[in-house]
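In each ligand, atom 1 is the first atom listed, and ligand 1 is the first ligand listed. As a basis for the values below, the full set of heavy atoms in this structure was taken, side chains included, without hydrogen atoms, waters or symmetry mates.
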Amino acid sequence: MRTIRFFSPLALLALVLASSALGSSGTASAVPSSGASAPADPVLARILELGEKDNRVQEHLRILCKTIGPRLTGTAGYDRAANWAVERFQSFGLEARLETWGEFPMRFERGYSTGGMVEPSEVDYAFITSAWTPGTGGPKRGPALLEPTSEEALEAMKPRLAGAWIVNTEPAPPAKLRREVREACVAAKAHGIVRPGGRSERLMMGGNHQVDEEKARDPVQIQLLRSQYDGLRARLDKGEAVVLEFDVRNVLVPGPVPCTNVVADLVGSERPDEFVIVGGHLDSWDAAEGAQDNGTGCSTTIEAARLIAAAGGRPRRTIRFVLFGGEEQGLFGSRGYVEAHASELPKTSLALIHDGGGSVLSGLDTTYAMLEDFRKVFAPLVQDERFPFAIGESDGLMNSGDSDHAPFLKAGVPGYFWNQSGLGYDRVHHTHFDVFETVDPAQQERSAVVVAIGAYGFAQLDHLLDRTDAEEVEPRRMGVSLEGTRISRVSGRGKAKEAGWQDGDVILTIDGTEAKDREQITQLVRSGGAKKAFRLQRGEEVVESTIDWGDENSEKERGERALRREAWLREHAAGPAR
Ligand SMILES: [Zn+2]
């Protein structure tokens with residue numbers, strides 16, 4: 001996304017005022033460690049103060065992770081969490097309820113599991129099974145057989161499959177053969193299949209909720225820690241006779257199972273039929289506690305509601321706190337919300353979704369027509385050195401499609417995924433590492449305040465946000481895969497291919513600016529003019545190359561937007577203050 005900072009005269013004045021307050025008095029703030037003056041609105045000042053002295057975001061997260069535990073959609077864990085969240089919102093004085101968006105065919109309950117190697121030596125295994133996969137029906141012991149890698153080998157193995165554990169090979173055999181092995185396992189009543197976990201000893205979680213009674217008879221799939229799989233493989237490769245035993249007590253019960261979102265309203269005092277939405281997804285995968293994905297987003301949402309209510313906030317328009325279900329299976333809860341609330345969407349100012357884990361919410365990028373409102377709403381944070389918060393400008397609102405903001409964007413509602421470093425999140429999400437202890441309380445506490453300030457601020461504006469030019473503009477692409485500044489691959493079509501770039505080229509500069517990493521290169525390419533001069537290192541030589549995106553439709557749109565932006569800014573600078 002393009003990040004351009006410009007200041008209107010009003011914003012400049014605000015900055016000057018803020019810095020003079022800072023210069024004249026070290027005690028201007030209501031909060032001791034803050035370098036900024038307290039916001040004029042007493043509710044905002046109180047939110048900041050409570051956020052500092054009595055922040056309960058980690059209390060909510062602890063209950064979600066430790067008392068309730070994993071919250072897979074359509075399970076008792078999810079329902080417990082949803083009912084708890086409704087009560088919690090109600091205890092702050094909000095109107096809260098469950099809203100059903102659909103149903104899943106079967107109810108899944110993950111059971112107690114143990115297993116390991118029994119012969120030639122005893123080794124306990126750390127493993128998981130995918131969600132919506134069946135149990136073993138008691139402890140099942142049998143020989144470990146290495147997955148056959150040819151049709152002939154499969155035929156030869158068939159008589160030995162009954163009561164065996166099949167250990168997947170790597171690299172995987174052709175998909176067709178793997179499917180045949182699976183079918184043979186079902187036919188012969190093999191105990192199940194054992195496969196390796198992810199790199200860095202991660203057990204990766206997933207599963208297909210579209211299970212029926214036939215699929216529920218599929219062989220059990222055991223995912224082992226990578227190192228334990230390697231140990232097992234080493235024995236099998238040497239021809240050792242290995243016996244495994246697993247007892248997996250997963251249960252699948254025929255449904256249908258109703259699936260819900262939690263919806264809680266702090267009803268607006270002046271415009272109750274206008275909405276500001278903040279939220280995250282309540283459902284998680286169930287390999288661990290769903291702490292960073294997405295207990296963090298739920299707990300900041302809940303704490304934001306508490307902070308605003310406790311600060312005496314009576315917003316002008318309704319602030320709606322939504323905890324979505326079914327996000328991990330395909331954004332089902334947010335899609336269902338958008339469908340069910342279609343008539344409210346024109347009066348839904350925006351949706352702010354926190355789903356990037358426990359690192360502090362550090363900013364938002366928005367379009368020119370909303371920029372001034374964003375600056376106004378987040379001024380208390382931007383001016384406060386405790387919050388590393390920045391507002392950036394973007395061409396349009398990019399729809400990454402990967403969380404609950406996406407259905408809102410698709411329906412024309414400004415939908416946002418907060419900027420975050422993602423540090424910590426990338427390592428743990430969807431794995432058995434995603435537990436409460438990986439979350440930094442200090443960053444979470446800041447994030448809860450960020451959500452509260454944002455929610456309250458947008459609900460207090462004189463107007464709904466201006467959606468002019470909010471739709472996504474296709475970003476400029478080079479058509480390369482980058483590892484740092486090195487091009488690992490030039491794709492078959494695209495600008496780089498046309499310009500004669502080669503695999504292994506290293507980008508040195510873009511329009512004279514030194515290239516640093518992938519993120520910065522992407523940012524440089526996407527900002528400014530449509531024609532860029534590159535300097536590349538190719539083996540011993542340095543190559544000059546120019547790429548021009550000027551012939552693309554998106555550039556025409558970008559150019560038109562730039563003109564509309566200028567006109568819009570002129571008009572709003574001349575007109576009455578908004
Ligand atoms: Zn998530």
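Looking at His405 and Asp355, their side chains never bring a donor and an acceptor atom within 3.5 Å of each other. Between the side chains of Glu201 and Ser227, at least one donor N or O lies within less than 3.5 Å of an accepting N or O. If you check the side chains of Arg202 and His432, you find no donor sitting under 3.5 Å from an acceptor.
Here 4 is the count of protein N, O or S atoms positioned under 2.8 Å from the Zn ion (ligand 1), waters not counted.
Residue pairs meeting the salt bridge (Lys or Arg N to Asp or Glu O under 4.0 Å) criterion with at least one partner in residues 399-411, sequence neighbours excluded, do not occur; the list is empty. Each salt bridge (Lys or Arg N to Asp or Glu O under 4.0 Å) pair with one or both residues in residues 322-337, not counting sequence neighbours, would appear here, but there are none. For residues 328-367, every residue pair satisfying the ring-ring contact (aromatic ring centres under 6.0 Å, His included) rule, not counting sequence neighbours, is listed here: Trp101-Phe332, His209-Phe332, Tyr337-His341, Tyr337-Phe408.
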